[in-house]
6 protein chains.
Amino acid sequence: MSFQYLKPNRNARFKDRYTTKVDETLTPYEERKTGDIGVIGLPFSKTSISLSGASEAPGTIRKALGSYSTYSGEKDEDYENMKLLDFGDVPVHPTDTGETLKRMQTSVKEMLETEACQKYVMLGGDHGVSFPSISAFKEKFGRIGVIQWDAHHDLRNIEDGGRTNGTPFRSLIEEGVLWGEDLCQIGIRDFSNAKTYADYAKKHNIHTYTMADVEQKGIQFITDQVIQKLENKCDTIYLSVDMDAVDQAFAPGCPAIGPGGLTARELLGSVAMASQHPLVKGMDIVEVDPTKDFRDMTSRLAAHVMMRCMYT
Amino acid sequence: MSFQYLKPNRNARFKDRYTTKVDETLTPYEERKTGDIGVIGLPFSKTSISLSGASEAPGTIRKALGSYSTYSGEKDEDYENMKLLDFGDVPVHPTDTGETLKRMQTSVKEMLETEACQKYVMLGGDHGVSFPSISAFKEKFGRIGVIQWDAHHDLRNIEDGGRTNGTPFRSLIEEGVLWGEDLCQIGIRDFSNAKTYADYAKKHNIHTYTMADVEQKGIQFITDQVIQKLENKCDTIYLSVDMDAVDQAFAPGCPAIGPGGLTARELLGSVAMASQHPLVKGMDIVEVDPTKDFRDMTSRLAAHVMMRCMYT
Amino acid sequence: MSFQYLKPNRNARFKDRYTTKVDETLTPYEERKTGDIGVIGLPFSKTSISLSGASEAPGTIRKALGSYSTYSGEKDEDYENMKLLDFGDVPVHPTDTGETLKRMQTSVKEMLETEACQKYVMLGGDHGVSFPSISAFKEKFGRIGVIQWDAHHDLRNIEDGGRTNGTPFRSLIEEGVLWGEDLCQIGIRDFSNAKTYADYAKKHNIHTYTMADVEQKGIQFITDQVIQKLENKCDTIYLSVDMDAVDQAFAPGCPAIGPGGLTARELLGSVAMASQHPLVKGMDIVEVDPTKDFRDMTSRLAAHVMMRCMYT
Amino acid sequence: MSFQYLKPNRNARFKDRYTTKVDETLTPYEERKTGDIGVIGLPFSKTSISLSGASEAPGTIRKALGSYSTYSGEKDEDYENMKLLDFGDVPVHPTDTGETLKRMQTSVKEMLETEACQKYVMLGGDHGVSFPSISAFKEKFGRIGVIQWDAHHDLRNIEDGGRTNGTPFRSLIEEGVLWGEDLCQIGIRDFSNAKTYADYAKKHNIHTYTMADVEQKGIQFITDQVIQKLENKCDTIYLSVDMDAVDQAFAPGCPAIGPGGLTARELLGSVAMASQHPLVKGMDIVEVDPTKDFRDMTSRLAAHVMMRCMYT
Amino acid sequence: MSFQYLKPNRNARFKDRYTTKVDETLTPYEERKTGDIGVIGLPFSKTSISLSGASEAPGTIRKALGSYSTYSGEKDEDYENMKLLDFGDVPVHPTDTGETLKRMQTSVKEMLETEACQKYVMLGGDHGVSFPSISAFKEKFGRIGVIQWDAHHDLRNIEDGGRTNGTPFRSLIEEGVLWGEDLCQIGIRDFSNAKTYADYAKKHNIHTYTMADVEQKGIQFITDQVIQKLENKCDTIYLSVDMDAVDQAFAPGCPAIGPGGLTARELLGSVAMASQHPLVKGMDIVEVDPTKDFRDMTSRLAAHVMMRCMYT
Amino acid sequence: MSFQYLKPNRNARFKDRYTTKVDETLTPYEERKTGDIGVIGLPFSKTSISLSGASEAPGTIRKALGSYSTYSGEKDEDYENMKLLDFGDVPVHPTDTGETLKRMQTSVKEMLETEACQKYVMLGGDHGVSFPSISAFKEKFGRIGVIQWDAHHDLRNIEDGGRTNGTPFRSLIEEGVLWGEDLCQIGIRDFSNAKTYADYAKKHNIHTYTMADVEQKGIQFITDQVIQKLENKCDTIYLSVDMDAVDQAFAPGCPAIGPGGLTARELLGSVAMASQHPLVKGMDIVEVDPTKDFRDMTSRLAAHVMMRCMYT
């Protein structure tokens with residue numbers, strides 16, 4: 001017997017036959033399946049210094065993709081045929097942090113090894129997930145350049161609290177995964193970092209662009225500059241978007257919010273510009289805490305960041 | 001290639017190997033599959049008199065099932081092998097109410113016709129969905145007795161607003177689906193109904209039990225009494241649980257909340273007692289509005305109502 | 001020209017022709033108009049010790065009356081013809097407290113002098129408004145007995161903060177408006193008062209009933225007892241309902257919430273019982289802070305308190 | 001007897017004798033009364049694709065007018081003598097959509113027929129209300145030009161869901177009420193529309209300006225341009241402000257929020273500029289959902305949109 | 001120079017000279033200082049299976065003590081001279097769980113070794129903190145009896161997730177700290193545990209009382225019974241109050257809320273009764289998550305639990 | 001005995017040894033202690049026209065300082081050695097406004113008389129606190145110039161409501177404390193003031209800059225201009241930051257929010273520029289209501305305003 005209306009295994013959302021929502025192009029990865037963009041969730045934020053619900057973000061960001069369509073009016077291009085493969089979320093261990101970090105690195109590596117896609121999006125989690133993720137990219141692709149949008153350097157020492165969400169780039173540099181000169185930080189904000197870490201950045205030749213730089217030079221100019229710095233010397237470029245680079249008015253759901261940051265338009269324009277470069281193979285989006293957000297505004301912004309990156 | 005940790009098509013929730021969550025026993029219906037309890041969503045609340053998000057409840061109630069386990073300590077009985085078949089949600093039409101009512105009645109009827117299960121749970125939606133649901137049960141099973149937990153009679157006239165969420169039992173009686181004497185209402189609250197409709201209830205021999213009755217006689221006594229009234233004359237018994245029978249402190253997410261209602265314990269005890277009767281074939285749970293709720297408390301209560309009904 | 005649907009001066013709320021909502025029986029007082037119940041707003045809470053939005057409650061309680069009907073099913077009596085006269089809200093002065101207290105006392109007195117109604121309901125504001133209100137009743141009606149539902153004695157000294165919301169009954173006693181023996185306090189809660197004030201209550205022969213009394217003797221018994229204490233010696237009885245007598249689960253919007261208080265049913269039953277006595281001429285409802293509430297639950301409870309008092 | 005302070009029929013809000021709040025200039029329409037601006041509420045959003053409380057907006061926007069004064073410091077002009085006539089809200093039918101659409105068109109038409117005012121403001125409701133409203137304007141004033149601020153084309157097909165809030169301009173065009181070339185859309189956002197509808201817009205010569213256009217050309221330039229396109233060929237110009245044209249940070253209460261939209265200043269400047277044109281006779285403001293908003297921020301913005309339109 | 005009003009090192013809270021708030025009796029421990037009750041914070045909830053902000057509770061519970069006074073009207077006894085010594089919060093390590101558990105056990109032990117107080121209150125944190133806390137008590141006092149108010153057995157296996165908040169009593173039993181027969185569990189709720197763990201409880205002779213037991217026998221009877229079971233064989237009695245024993249209406253801020261639990265009055269009465277026993281030396285209060293709570297209702301209840309325990 | 005981990009008198013916040021949080025540089029004033037910046041709380045908002053919780057802001061702003069560090073990356077300067085002296089909060093009287101105003105003026109005066117610091121920050125409270133604060137500065141330093149960031153003139157008449165939060169600058173001018181020509185107002189917004197008060201501003205030669213001025217001339221230009229106007233004729237310059245100068249998207253916690261105001265970046269840039277002038281001796285920050293805010297966003301912005309002012 002067949003049903004007239006019921007479809008027990010499918011949800012009952014309204015469907016406009018001419019509209020493809022982005023989440024409709026997202027299907028679970030299966031062996032030997034290929035696609036355009038690989039998506040993986042890294043739902044881990046237990047090592048955040050402050051209580052963080054960023055572990056919930058892979059779910060809310062995927063859900064936010066259901067609010068937007070695959071069609072870019074600006075480019076008059078419909079990306080409905082671009083296939084997004086969902087590799088699922090890495091299962092975290094409730095109490096063993098080392099185990100979870102290992103699982104994340106292994107899983108990103110395995111995903112890359114499938115060679116199923118051209119580009120990959122990692123959904124954090126807190127910024128700590130960039131350590132295993134970038135490590136896996138390095139193993140796969142070689143010398144790696146990183147563009148990091150962030151209010152903070154994330155170069156804290158490890159002694160005081162182990163590998164927290166404040167340490168990923170310090171760890172990457174010290175373990176030789178990433179060279180300081182291959183790291184570009186955009187949106188560094190006043191009164192949000194310690195002198196020691198700014199000095200560390202200088203000493204390691206990290207390229208940092210503060211909010212005053214953004215106000216004076218413009219985000220487009222800076223983005224262009226960082227791309228030029230990386231494109232010749234690196235084998236691949238990795239984007240790391242800490243959503244707290246954005247002003248609290250536009251990204252109210254980040255754990256460490258504050259005023260004076262990027263506008264949503266500035267971030268979107270900058271990510272879109274960077275993503276057009278052919279060396280860009282991966283992007284992570286981190287520090288979205290849906291439990292603190294208002295109407296998933298920050299996850300919605302994250303979804304737009306994804307679209308700007310994927311649909312180039 | 002296989003993954004060590006990733007399972008692209010499955011969620012990454014923590015799993016205790018000895019615990020079965022209720023939602024793990026819920027699987028989509030497939031042709032010729034049988035089970036114990038059929039579950040269907042009737043996500044419709046557009047005809048509510050006040051703005052209602054009860055259409056979201058089938059999702060939140062199913063999700064709440066994931067917070068509880070199949071084991072009843074009170075009975076020392078594990079219902080992990082009781083199979084719940086999910087028939088999905090009836091797709092509503094965005095603008096055509098008549099069409100949606102038809103789809104709901106047809107779909108409940110089709111579900112019953114599969115004869116796949118012993119008992120069925122309908123998740124509203126507002127109370128308006130009881131009209132198509134009970135109509136379908138009547139067609140399938142014959143003379144139907146209804147136990148309704150509710151602060152309101154739901155016997156409004158049709159002239160003033162058409163078939164709203166205040167009218168289902170009036171409509172059922174006037175269209176001959178249900179006889180007044182086969183309807184028992186528990187929890188009717190002071191200052192929540194019009195005299196005309198109380199008079200209508202009397203005229204049609206509806207059995208009504210007010211909150212003063214509950215306070216004086218006890219909910220167990222009343223439940224026992226209504227079962228006795230129905231068991232000999234009806235072919236089947238249908239439970240209709242309007243969550244606003246419950247006091248606003250225990251069910252803060254109903255559209256029409258107020259003080260002086262049932263406690264959660266009173267409702268759960270009453271539903272459990274009624275559900276043990278072999279004639280009970282169906283139950284609907286309505287008027288849970290997750291958009292107004294606090295921490296899905298009302299959906300959690302609804303999930304417990306389901307468990308008390310299913311696990312008898 | 002006349003309009004088919006528009007009624008520029010009336011709101012467009014759905015109307016069931018057979019249902020009378022309580023707010024539909026509430027009309028502005030006009031000279032020489034008479035009615036059954038007088039209603040006045042005392043929207044003042046600036047002298048509360050903690051920040052209080054109780055000044056907003058007259059509006060939300062009146063609005064809550066629009067959710068309930070005039071028909072009591074328990075008594076099978078429709079009070080649709082009982083007229084509620086609204087005397088409006090006393091305009092408070094933004095910065096001059098003494099002026100505001102004077103305005104409140106004068107206005108309640110003027111309302112009583114109209115002799116337009118049998119009974120009056122004063123909507124606070126914080127508990128400080130009971131001082132001018134009860135003073136006005138005393139002037140009009142003579143020796144006054146007060147039944148106060150409250151977690152607190154409200155007998156604080158005046159030296160430390162002037163006439164705050166913790167002092168009304170102290171002030172009434174010390175200014176000779178109310179005799180200690182004519183005051184009955186129900187619901188006094190543990191760890192919510194100072195010994196000095198409990199001693200003061202004893203010394204002045206105030207009748208106090210704690211929550212332990214309520215648990216052991218029952219609220220009905222206690223209510224009956226206080227009525228007996230007052231009915232022979234007083235010229236009139238005034239009810240003062242501080243909503244924080246109720247447990248925080250049932251009245252989450254009071255400024256000073258806490259666990260272990262009355263249930264909503266206990267308060268409603270007690271007020272209903274007391275209100276039947278013919279000497280009861282006035283009731284105030286205080287300490288409802290809509291800015292802290294959840295879905296106006298506490299205002300809804302206040303509306304039910306009003307209905308239990310008015311419809312006897 | 002007269003009262004010293006009480007005014008039973010007036011609210012008790014603080015009054016600064018030199019300040020006129022906008023809502024004080026709003027009075028109910030009465031027969032033969034004339035004024036400057038007519039205001040009507042179209043509280044309908046039941047046909048929205050997603051659950052929408054936009055039906056509550058006419059009330060919250062009117063209330064927001066009470067927070068602002070009639071004096072424009074920028075122009076040094078006090079509009080305290082400009083009379084706003086309130087025609088009330090069209091009463092919606094709880095279950096009959098066709099009936100409600102008819103009532104809205106009839107009521108707007110009747111309002112226009114009074115010829116009481118120079119300009120009219122329609123308060124939605126969802127964008128579906130623009131269909132009956134613009135139809136009524138067309139009947140009264142002839143060829144109509146429309147400037148629409150919107151993230152979306154609102155040109156969906158009717159087959160999939162009937163006349164939803166995604167279809168008004170499609171319906172207007174297909175029923176010959178509005179010509180494509182007379183429609184200008186400002187603020188169209190990436191990934192928020194389907195290719196089919198962008199193509200439809202092109203085919204019908206609709207003038208569309210995307211967010212990239214706004215960023216590159218500036219909102220003032222674009223506004224000037226659309227005015228020029230319409231002023232010579234149309235008999236009247238109608239403004240349709242879908243608040244979701246605005247970025248979610250500035251209009252958090254729209255049903256379909258997202259990042260990358262107009263700032264509040266851009267919208268206000270654009271509406272003010274357009275409204276100065278003498279052909280502008282009407283404006284609707286739609287898609288404000290107060291039940292999802294934060295502190296009525298979106299209704300406050302809507303109130304400012306009104307003031308920019310009225311006080312030119 | 002001295003100030004007339006300013007006291008730079010003290011807060012500016014209003015002070016009634018006759019009222020002592022509970023938090024005014026709480027002072028930091030200093031060497032050789034003695035008191036009546038020792039208070040320590042165990043702000044750890046990182047190993048909770050679901051995201052938990054219970055680590056914030058020591059702060060909110062201490063703050064809630066500031067809302068209540070030291071005077072018990074029920075006993076007519078003022079505890080203003082009972083000294084509460086605050087040992088502060090154990091500093092957790094951001095990423096090293098084992099280290100944090102060690103710190104907690106050491107710190108509780110060190111506190112007990114001061115022998116500064118008669119009784120100690122441990123403020124969690126999630127239920128995982130009971131493991132180090134009870135271990136420390138065992139070391140100090142010998143054979144330990146535990147009364148646990150809880151919806152859950154907390155006897156999960158360790159294999160699936162390590163030492164989470166679901167495992168403390170399993171670990172205590174398996175490491176020989178606590179004997180099954182010395183553990184009494186009150187409030188175990190239906191559908192909230194797995195059969196395996198109920199069986200484990202039986203096998204280890206744990207005394208369990210379900211909610212059905214509470215409804216049928218009464219909480220006073222049960223409390224009396226468990227005291228009798230423990231008083232003769234144990235050297236000390238430890239109370240472990242998992243606030244989720246309480247119904248979600250009364251304790252809305254627990255991570256794992258649900259309906260059908262204890263009322264606030266039942267819990268308070270039971271804790272008060274147990275605490276009178278001279279063997280009771282310690283109590284922990286766990287699973288209060290202030291980040292999910294409404295108006296700190298659950299922390300307020302926790303404060304009352306403390307007062308019922310301390311003031312006996 | 002000493003503890004391994006516990007520090008009973010210190011909180012247990014995570015500490016990165018290289019980072020100094022701003023609140024770590026804030027210590028209570030003690031006699032003869034000197035520092036760089038004096039901080040005082042003026043927690044008074046009872047005379048606000050609308051209900052205001054601005055009295056809570058001194059606490060939340062101080063707390064927000066704990067989220068930011070003393071290091072300015074823009075200047076590459078660490079202000080960890082700049083000492084902030086906390087003079088505490090002025091204790092308000094619960095019911096006597098005149099007394100509270102006197103206490104505030106006396107306390108600010110006493111603080112200035114200590115001559116302990118170079119610059120002082122006053123944390124309101126509503127804008128009414130600027131009256132006693134500026135009066136005290138005038139007494140100490142002589143002719144005072146004021147730069148006021150504000151949407152409103154705050155020049156209301158006193159007759160209608162006494163000295164409310166709308167009157168401080170009127171009172172200062174009329175009592176001869178401040179000359180009109182020494183007052184500069186930036187950010188005055190349309191439809192937010194009465195003509196009478198704009199006229200009053202003109203008549204008294206107050207320099208006002210509207211939002212249109214800001215849009216056209218730029219905030220930097222205007223700031224430069226007002227500094228030039230004041231530096232030659234005044235003995236000292238006082239900054240008064242009413243946070244409602246900022247758009248509601250960036251400062252959602254002000255009592256009187258609205259669209260079309262300054263961005264956070266504009267305010268921060270302007271305050272930073274003005275604060276560099278050596279005549280600037282004091283700044284107040286007012287009209288932050290934490291009870292209405294979202295995630296303390298407005299207090300966080302206030303903390304940044306402080307840092308821009310202090311660290312010059």
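The model shown is predicted, which means the values in this text are computed figures rather than measured ones. Below, chain A is the first sequence line, B the second, and so on; all start at residue 1.
Here the side chains of D:F250 and F:D247 are in contact, with some heavy-atom distance below 4.5 Å. When side chains are defined from C-beta on, D:Y18 does not count as touching F:Y200, because their heavy atoms never get closer than 4.5 Å. Annotation: side chain of F:K195 is in contact with side chain of D:D76 (closest heavy-atom distance under 4.5 Å). Side-chain contact between D:R295 and F:Q248 is absent, with no heavy atoms from C-beta onward closer than 4.5 Å. Residues F:T196 and D:R17 fail the side-chain proximity criterion, which asks for heavy atoms closer than 4.5 Å. Side-chain contact between F:I257 and D:M297: present, with at least one pair of heavy atoms (C-beta onward) separated by less than 4.5 Å.
Using cut-offs of 30° and 60° for the angle between ring planes, the F:F294 and D:F294 rings count as perpendicular.
Heavy atoms of other residues, nucleotides or ligands lying less than 6.0 angstrom from NZ of F:K63 number 12 at most. Within a 6.0 Å sphere centred on CD of D:E80, heavy atoms belonging to other residues, nucleotides or ligands number more than 12.
Comparing D:S72, D:G73, D:S67, D:A251 by how many heavy-atom pairs each has under 4.5 Å with chain F, the most go to D:S72. Ranked by heavy-atom pairs under 4.5 Å with chain F, the first of D:K75, D:E266, D:E74 is D:E74. By number of non-hydrogen pairs under 4.5 angstrom with chain F, the leading residue of D:V22, D:D296, D:T19 is D:T19.
One distance of note links OG1 of F:T263 with CZ of D:R265; it measures 6.0 Å at 0.5 Å rounding. Atom-to-atom distance recorded for D:M310:CE and F:F191:CZ is 8.0 Å, nearest 0.5 angstrom. Within the model, atoms CZ of D:F14 and OG of F:S50 stand 9.5 Å from one another, a figure rounded to the nearest 0.5 Å. The distance from atom CZ of D:R308 to atom CG of F:D190, rounded to the nearest 0.5 Å, is 5.5 Å.
Closest approach of F:A249 to D:A249, counting heavy atoms only: CB-O, 3.3 Å. Of all the heavy atoms in D:S69 and F:A194, the pair that sits closest is OG-N, 4.4 Å. When all heavy atoms of D:Y68 and F:G258 are compared, the closest pair comes out as OH-CA, 3.4 Å.
Salt bridge absent: F:E159 and D:K15 never bring a charged side-chain N and a carboxylate O closer than 4.0 Å.
A side-chain donor from one of D:D16 and F:Y197 sits under 3.5 Å from a side-chain acceptor of the other.
Proximity to chain D is limited to the side chain of F:I49, based on heavy atoms less than 4.5 angstrom apart.
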